[in-house]
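Written below as structure tokens is the structure these notes are about.
All ligand and atom numbering here is 1-based and tracks the order in the structure.
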Amino acid sequence: MPKSVRRVGVLTGGGDCPGLNAVIRAVVKSAIHRYELEVWGIEDGFQGLIENRMHLLDWSAASNILTLGGTILGSNNKCDPTRWAVRKGKGEVEFQDVTDRCIDHIHARGLEALIVIGGDGTMTVASKFVQRGINCIGVPKTIDNDLWGTDITFGFESAVAVGTDALDRIHTTAASHHRVMIVELMGRNAGWIALHAGLASGADVVLIPEIPYDIDKVCEYVAWRSQRGKRFSLIAASEGAKAVGGQQVVAKIDPTSPDPVRLGGIAAVLAKQIEDKTGIETRFTVLGHVQRGGTPVAADRVLATQFGHAAVQKLSQGAEARLVVKKGCTITDCDLTECAGKQRLIDPGHPLIEAARDVGTSFGE
Ligand code: F6P
């Protein structure tokens with residue numbers, strides 16, 4: 001090893017997703033089995049660093065967790081130690097920079113590096129630790145698949161599988177009742193989940209944030225299908241979809257979160273508009289956190305294992321401030337600080353969009 005790293009911390013930050021435990025398992029097992037590294041599990045993301053909550057992960061801690069959903073470490077999507085929200089009563093919140101406290105805890109435990117498993121919010125926080133001299137190796141996680149620098153994040157394929165299954169089930173009941181049925185999928189500002197699940201299930205209309213829709217075009221398409229004898233339509237809508245010139249539908253603002261906007265509610269808005277304009281009964285289903293739970297699909301288990309192993313391997317080779325990524329078929333790495341705060345959205349010229357259009361899918365344009 002170029003640098004004799006012997007003890008590392010691992011944390012899971014941001015919204016959870018299937019495959020987190022598979023990464024933790026790969027990190028711990030390859031650290032112990034191959035690299036003689038000691039791994040400490042930091043609890044509840046960066047909050048565990050603030051509150052000095054961490055514990056040693058031995059071989060048995062990493063056993064029997066490959067297929068387990070969630071994260072054995074706990075996670076947190078509201079924690080940036082440079083802007084730690086402290087409640088002051090009466091709903092008031094004060095923000096404090098508690099980075100020094102975290103760094104004291106890192107040094108007191110003798111942690112020489114952190115493996116941070118998360119999305120863009122987690123990488124943004126990790127970048128701030130890098131600037132303070134803490135070596136961080138990132139592992140790209142999120143169902144949204146929107147982390148800049150990698151072609152795919154783990155968790156995405158599992159969310160697509162859930163979305164596809166839901167759309168398939170909604171398809172049959174839509175056909176029986178001659179209804180328009182809308183399924184609202186997660187993804188924040190990126191339409192990857194809706195695009196993939198929509199394509200996989202043959203949704204008639206796919207609405208994504210990257211291609212603002214015209215509601216009249218959506219209604220014309222649904223009515224045209226009906227006139228041709230297809231008396232139902234299936235719509236996959238991203239939670240972040242918006243009309244041309246319109247705004248995303250916000251479910252909640254959480255001022256204690258570094259990313260305070262929680263999207264949600266577009267399906268209800270669309271259902272009312274479509275039913276009013278076409279006269280066809282229109283119903284909706286919001287999948288929500290169902291997409292984040294449960295066991296990872298095989299592809300995510302494999303990817304998570306590759307990412308977790310690569311993080312330890314690269315650390316042992318002296319890597320500093322790198323994000324493990326997948327480019328094409330290759331597991332490689334890139335500058336972690338460059339990825340922070342950037343979202344990988346769908347290019348409207350993406351080949352999948354072209355393929356979808358060519359098989360008759362409407363994007364409401
Ligand atoms: O980033 C993952 C994600 O599930 C998004 O798709 C969604 O917009 C958001 O997190 C929901 O966050 P929360 O769990 O705080 O409601």
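The backbone N or O of Lys314 sits nowhere less than 3.5 Å from a side-chain atom of Arg322 that would complete a donor-acceptor pair.
Residue-level proximity to ligand 1 for Leu263 is absent, since no heavy atom of it falls below 4.0 angstrom. For Asn77, every heavy-atom contact with ligand 1 shorter than 4.0 Å involves the side chain, none the backbone.
Between Gln343 and Asp146, the side chains place no donor N or O within less than 3.5 Å of an acceptor N or O (distance only, hydrogens not considered). Between Asp335 and Thr337, the side chains place a donor N or O and an acceptor N or O closer than 3.5 Å (distance only, hydrogens not considered).
The nearest heavy-atom contact from the protein to atom 16 (O) of ligand 1 is His289 NE2, 3.2 Å. In terms of protein heavy-atom proximity, atom 1 (O) of ligand 1 is nearest to Asp144 OD2, 2.7 Å.
The aromatic rings of Tyr35 and His309 sit tilted, their planes meeting at an angle between 30° and 60°.
Around atom 11 (C) of ligand 1, the closest heavy atom drawn from Arg292, Lys141, Lys78, Glu239 belongs to Arg292. In this comparison of Arg262, Arg188, Lys252, the heavy atom closest to atom 12 (O) of ligand 1 sits on Arg262.
The pair Glu365-Arg357 counts as a salt bridge, with a side-chain nitrogen and a carboxylate oxygen less than 4.0 angstrom apart.
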